[in-house]
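Below you'll find the structure, written out as structure tokens, and then a few comments.
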Amino acid sequence: MSENLIGYIDNQGNIVDTQSAGETFDGQVIEYNNSAESLEIVRHSTAHLMAQAITELYSNAKFFVGPVVDEGFYYDFKVDEKIGEEDLKKIEKTMKALIKKKHKIEKYEITKTEALTRFANDELKQAVLSKIDDETISVYKQGDFEDLCRGPHVPALRFLNNFKLTRVAGAYLGGDENAEMLTRIYGVAFADKESLKAHMLMLEEAKKRDHRKIGAEMELFMFDEESGAGLPFWMPKGARLRHKLETILHKAHRKRGYEPVRGPEILKSEMWHTSGHYACYGENMYLTNIDEQEYGIKPMNCIGHIQIFKQSGKSYRDLPLRYYEYGVVHRHEKSGVLHGLLRVREFTQDDAHIFCTPEQIAPEVIKVVEFVDSVMQLFGFEYTMEVATKPEKAIGEDAVWDLATDGLKKALDENSLPYTIDEGGGAFYGPKIDVKITDALGRKWQCGTIQVDFNLPERFNVEYVAEDNTRKQPVMIHRAILGSFERFIAILTEHYAGEFPLFLAPTQVIIVPISEAHNEYAKELQSKLIDIDIDCEIFDKNDSLNKRVRNAEKQRVPFVAIIGDEEMQNSTVALRDRRQKEQYNLTQEEFMVKLTQQLNEGKI
RNA sequence: GCCCAUAUGGCUCAGGGGUAGAGCACUUCCUUGGUAAGGAAGAGGUCGUGAGUUCAAGUCUCACUAUGGGCUCCA
């Protein structure tokens with residue numbers, strides 16, 4: 001047996017550790033390395049080693065669960081003391097000391113009844129046991145430390161040398177916010193020191209791309225404590241960027257047959273009662289009183305669009321009717337979930353509602369999916385799709401929900417588009433397809449969404465005149481492509497690390513005149529650039545040329561144009577091209593053509 | 001909302017009971033420079049807010065506000 005053998009994969013693809021396999025086991029060997037299977041075993045065992053260390057340091061510790069997750073592992077537990085970041089080092093030290101004791105990790109089995117008796121005084125273990133159906137429970141033992149665990153584990157502690165405890169957090173028992181809160185410590189482990197180092201370095205690098213950091217550096221947006229949490233302010237450069245994105249998307253909508261509309265910011269509460277928002281979404285809504293009448297600030301744009309639809313009689317010939325709006329919405333998010341621009345309390349959705357017949361659902365959904373795809377491709381985003389089904393708080397009959405949910409799945413299936421299911425994650429009025437993109441740290445965020453809704457049209461008596469002159473109810477498809485400008489721009493910022501493509505960049509060109517004699521030429525050039533919709537700044541401060549070039553480069557603009565005597569004489573510019581990472585000279589005309597070409601890349 | 005942590009000039013941070021410090025940015029002056037920091041001088045902070053302990057509080061305690069990391073993924 002190789003001394004690097006830590007487990008097997010059986011013919012069903014399950015990991016079997018050496019303790020369970022015994023002397024003779026027929027299966028694919030798992031060596032101690034950084035493969036997914038190996039790391040799963042190593043990280044799980046490291047979680048247990050951490051638990052052992054915590055037991056040594058805090059004699060009253062009780063443990064819940066300690067699974068392996070995408071980014072490493074964690075263990076949930078309870079101690080009387082407060083555990084802070086400082087304590088992680090102490091725990092790490094104890095873990096290292098335990099490894100030196102060279103314990104083997106052994107496994108034995110007891111019955112569930114035995115387990116219940118043995119851990120009678122441990123409410124967390126009772127909670128764990130209550131979720132296990134098996135009559136036989138396995139226990140793993142290393143030194144004096146024993147824990148209920150189904151494995152798999154490495155054979156000995158010597159395989160656990162390369163780990164790092166990364167953060168301490170609170171976590172509700174069983175993920176239920178009404179249950180008590182346990183302490184959770186996250187960590188990560190690898191098969192060698194270099195991989196661990198590389199992983200920590202990668203996290204450092206990812207932090208540099210954080211949109212909050214770059215947003216502050218580039219002066220894109222800000223928050224203000226005095227004004228309130230989760231309420232973003234857009235500074236001039238952020239507003240320039242946002243305006244470019246809005247313009248690109250506006251054209252994309254018009255090309256696809258959408259009509260712009262706009263609803264009011266607040267509506268009488270009666271409307272929210274009719275829609276079901278008051279009952280199903282009320283805890284997220286801001287309410288206010290005007291002349292003794294209660295009004296609700298809109299958390300969604302659908303009602304405005306419904307009222308506009310109903311303003312005049314509609315015929316089947318008008319369908320599908322596509323209304324869109326950059327709708328500002330307010331939602332009361334819990335204070336603890338606010339997160340830069342990614343989760344705020346006021347944001348603008350690129351929202352649209354498509355009124356159509358049931359037969360038109362599938363083709364319309366596909367069109368929206370294609371719209372989403374063309375936008376994602378423009379920015380080079382990888383995305384995943386999830387079909388979210390009926391939530392606990394919902395309006396409408398199950399039969400209607402099934403119909404709508406099947407419609408969404410069918411549209412994706414017929415076009416061989418992959419998706420996963422998010423059970424119970426739908427909107428209260430209908431199921432949805434969510435489009436998710438990951439941020440710099442690999443966290444997933446919902447951006448685009450496509451929702452099929454039979455319920456609101458019924459509640460608001462929305463009608464059209466059908467071919468046979470009867471009145472029929474249209475279906476509504478709620479959809480957003482970016483999701484919100486706030487969240488999408490946050491992800492764009494991290495994706496590009498602030499180096500936006502020309503068609504989005506807040507400042508597209510910085511002109512650096514070599515001396516005062518060239519300021520006039522710089523201004524002429526700037527004026528020409530404004531004519532072709534290029535945002536341009538001149539760096540003519542009383543600083544050295546080197547410094548101004550450095551400052552210009554630090555702005556992450558696509559082009560820095562240096563101009564001196566030579567450029568003035570020949571009507572040229574000396575360019576620093578960020579994308580190509582090189583310097584070259586162009587005539588003014590050639591430069592304009594290049595800029596126009598790159599502006600056109602932003603067409604969808 | 002809950003758990004843990006953090007809050008010092010515009011930004012990044014130092015200072016840990018005895019009346020505020022650095023670098024960058026900013027202002028003025030000198031320098032007019034061909035591709036990532038030229039030089040000098042100056043201005044700017046009731047140390048997040050409010051209470052408390054103390055002869056004395058950025059510094060200790062408490063509350064609040066804001067920010068950060070978490071709170072689906074089963075021994």
Side-chain angles (χ1 to χ4, degrees), chain A residues 44 47-48 51 63-71 74-76 78 82-88 107 112 115 119 124-125 127-134 137-140 146-153 166-186 207 210 212-213 216-217 219 222-231 283 332-340 422-425 441 443-444 512-519 540-554 560-567 574-576 583:
Chain A
H44 192 183
H48 271 249
F63 294 88
F64 187 51
V65 297
V68 172
V69 289
D70 283 352
E71 283 296 296
Y74 67 78
Y75 218 124
D76 283 352
K78 195 159 86 171
K82 273 192 177 184
I83 306 250
E85 302 276 335
E86 302 263 307
D87 300 305
L88 294 186
K107 177 184 182 181
K112 191 170 177 182
F119 296 103
L124 295 187
K125 282 282 173 275
V128 170
L129 285 164
S130 72
K131 293 201 289 181
I132 301 176
D133 292 331
D134 300 351
I137 307 286
S138 55
V139 178
Y140 282 79
E146 294 190 337
D147 196 11
L148 294 182
C149 183
R150 68 170 177 191
H153 283 297
T166 48
R167 50 190 172 236
V168 52
Y172 295 108
L173 195 156
D176 174 2
E177 68 174 346
N178 299 313
E180 74 175 303
M181 177 147 291
L182 307 176
T183 303
R184 171 175 296 183
I185 295 180
Y186 281 93
K207 271 189 199 157
D210 191 313
R212 292 166 297 194
K213 185 175 161 64
E217 270 171 31
E219 300 179 309
M222 54 175 256
F223 291 90
D224 175 42
E225 180 177 341
E226 290 181 82
S227 305
L231 304 171
E283 54 197 32
H332 180 75
E333 300 289 350
K334 287 178 184 169
S335 60
V337 304
L338 300 175
H339 188 102
D422 175 13
E423 213 60 65
L441 284 168
R443 293 179 288 214
K444 274 191 182 183
V512 181
I514 285 177
S515 76
E516 269 176 40
H518 314 113
N519 286 356
D540 59 354
K541 244 182 55 177
N542 185 16
D543 277 326
S544 68
L545 176 65
N546 279 351
K547 178 137 183 187
R548 285 180 290 135
V549 169
R550 174 182 151 87
N551 285 341
E553 284 292 347
K554 276 173 62 182
V560 176
I562 320 271
I563 52 174
D565 287 341
E566 206 181 297
E567 287 73 23
L575 286 180
R576 285 170 155 257
Q583 299 181 25

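Please read these numbers as outputs of a predicted model, since none were measured by experiment. The chains referred to below are lettered A, B, ... by the order of the sequence lines, with proteins before strands, and numbering in each begins at 1.
Among B:G68, B:G1, B:C3, the nucleotide with an atom closest to any side-chain atom of A:Arg212 is B:G68. Side-chain proximity of A:Tyr186 to the nucleotides B:G70, B:A36, B:G69 is greatest for B:G70. Distances were taken from every side-chain heavy atom of A:Lys554 (C-beta onward) to each of B:G34, B:C71, B:A36; the shortest belongs to B:A36. The A:Met181 side chain lies nearest to B:C3 when the options are B:C73, B:C3, B:G34.
A donor-acceptor contact under 3.5 angstrom links the side-chain atoms of A:Asn542 to the base of B:U31.
Note on A:Glu226: nothing from the nucleic acid sits closer than 4.0 angstrom, heavy atoms only. The residue A:Asp224 sits apart from the nucleic acid: no heavy atom pair falls under 4.0 Å. Across all strands, A:Gly175 comes closer than 4.0 Å only to sugar-phosphate atoms, never to a base (heavy-atom distances). In this structure, A:Val512 reaches neither bases nor backbone, as no heavy-atom distance under 4.0 Å exists between it and the strands shown. Using a 4.0 Å heavy-atom criterion, one finds that A:Gly425 contacts no nucleic acid atom at all. Within the nucleic acid shown, A:Phe63 has no heavy atom closer than 4.0 Å to any nucleic acid atom.
Atom-to-atom distance recorded for A:Leu88:CG and A:Arg167:CZ is 11.0 Å, nearest 0.5 angstrom. Residue A:Leu124 holds its CG atom at 6.0 Å from CG of A:Leu173, rounded to the nearest 0.5 Å. Here the CE-CG distance, from A:Met222 to A:Leu231, works out to 11.0 Å after rounding to the nearest 0.5 Å. The distance from atom CG of A:Asp134 to atom CD1 of A:Ile132, rounded to the nearest 0.5 Å, is 7.0 Å. Atom CG of A:Asp147 and atom CZ of A:Phe119 lie 6.5 Å apart (nearest 0.5 Å). In this structure, the separation between CZ on A:Phe64 and NZ on A:Lys125 is 9.0 Å, given to the nearest 0.5 Å.
Put simply, A:His339 has a side-chain N or O that comes within less than 4.0 Å of OP1 or OP2 on B:G69. Remark: A:Lys131 is not in phosphate contact with B:C74, judged by side-chain N or O atoms under 4.0 Å from OP1 or OP2. Distances shorter than 4.0 Å separate some side-chain N or O of A:Lys547 from OP1 or OP2 on B:A25. Proximity of A:Arg548 to the phosphate of B:A37: no side-chain N or O atom is located under 4.0 Å from OP1 or OP2. Within the structure, every side-chain polar atom (N or O) of A:Tyr172 is placed at least 4.0 Å from both OP1 and OP2 of B:G70.
For B:G16, the O4'-C1' to base torsion is within 90° of 0; the nucleotide is therefore syn. Syn is the classification of B:G58, since its glycosidic angle stays within 90° of 0.
The interatomic distance linking A:Lys541 (NZ) with B:G38 (C1') rounds to 13 Å, in whole Å. What separates CG of A:Asp176 from C1' of B:G70 is a distance of 17 Å, to the nearest Å.
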Along nucleotides 40-46 of chain B, 5' to 3', which nucleotides get a B, which get an S, and which get a -, given that the test is a protein heavy-atom distance under 4.0 Å?
-------

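Side-chain atoms of A:Tyr172 and A:Asp76 include no donor-acceptor pair closer than 3.5 Å.
By the neighbour-count criterion of 12 heavy atoms within 6.0 Å, atom NZ of A:Lys112 is densely surrounded, having more than that number from other residues, nucleotides or ligands.
RNA chain B contains the following stems of three or more consecutive Watson-Crick or G-U pairs, with both distances under 3.5 Å: B:1-7 with B:65-71, B:10-13 with B:21-24, B:26-30 with B:38-42, B:48-52 with B:60-64.
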